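Right, one structure below, let's go through it.
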Amino acid sequence: MFNEEQIRKYEEIFKKNNVEFADEKELQSVLSQMYLYAQLTYEQFRINNKLDN
């Protein structure tokens, strides 16, 4: 999913935007949800693209 460098990069983005997490598990959960959402969005894009052609 995300490597350690990417996790720290997102952690910094969250901090800059005043988003706080209770613990590391909560951060991991949010990143996991972001990853799944990105996958779904990509698949929907591919489906829509096939239908248009």
Side-chain angles (χ1 to χ4, degrees):
M1 185 172 73
F2 291 106
N3 64 35
E4 191 67 28
E5 182 181 329
Q6 291 169 318
I7 291 171
R8 296 304 151 222
K9 189 184 307 182
Y10 279 114
E11 194 172 36
E12 284 301 312
I13 291 169
F14 291 134
K15 281 182 185 178
K16 286 179 185 175
N17 289 287
N18 298 319
V19 177
E20 295 183 20
F21 298 100
D23 55 22
E24 188 75 16
K25 282 184 180 181
E26 189 176 20
L27 171 62
Q28 292 289 342
S29 175
V30 168
L31 292 175
S32 177
Q33 291 173 51
M34 287 172 52
Y35 182 77
L36 291 173
Y37 179 74
Q39 284 182 310
L40 288 170
T41 302
Y42 174 73
E43 288 302 320
Q44 187 63 52
F45 173 78
R46 286 184 50 206
I47 291 168
N48 291 344
N49 196 27
K50 284 183 182 180
L51 293 175
D52 288 344
N53 291 330

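This one's a predicted model, so the numbers in the text were calculated from it and none came from an experiment. Position 1 is the first residue of the sequence, and the numbers go up from there.
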Shortest non-hydrogen contact from Leu31 toward Phe2: O-CE1, 3.2 Å

Partners passing side chain to side chain contact (heavy atoms under 4.5 Å, CB included) against Ser29 (at least two apart in sequence or in another chain): Gln33

Whether over 12 other heavy atoms sit under 6.0 Å from Gln39 CD: yes

Shared hydrophobic cluster for Phe21 and Met34 (ILVMFWY, side-chain gaps under 4.5 Å): yes

Could you pull out every donor-acceptor pair under 3.5 Å between side chains of residues 11-18 and any protein atom, sequence neighbours left out?
| unit_1 | atom_1 | unit_2 | atom_2 | d |
| --- | --- | --- | --- | --- |
| Glu11 | OE1 | Arg8 | NH1 | 2.6 |
| Glu11 | OE2 | Arg8 | NH1 | 3.3 |
| Asn17 | ND2 | Ile13 | O | 2.8 |

Summary of salt bridge (charged side-chain N to carboxylate O under 4.0 Å, His left out) pairs that have at least one residue in residues 36-46, sequence neighbours excluded: Glu43-Arg46

Main-chain N/O of Ala22 paired to Glu26 side chain as donor or acceptor, under 3.5 Å: yes

Pairing residues for Gln44 by the side-chain hydrogen bond (donor to acceptor under 3.5 Å, both in side chains) criterion, not counting sequence neighbours: Asn48

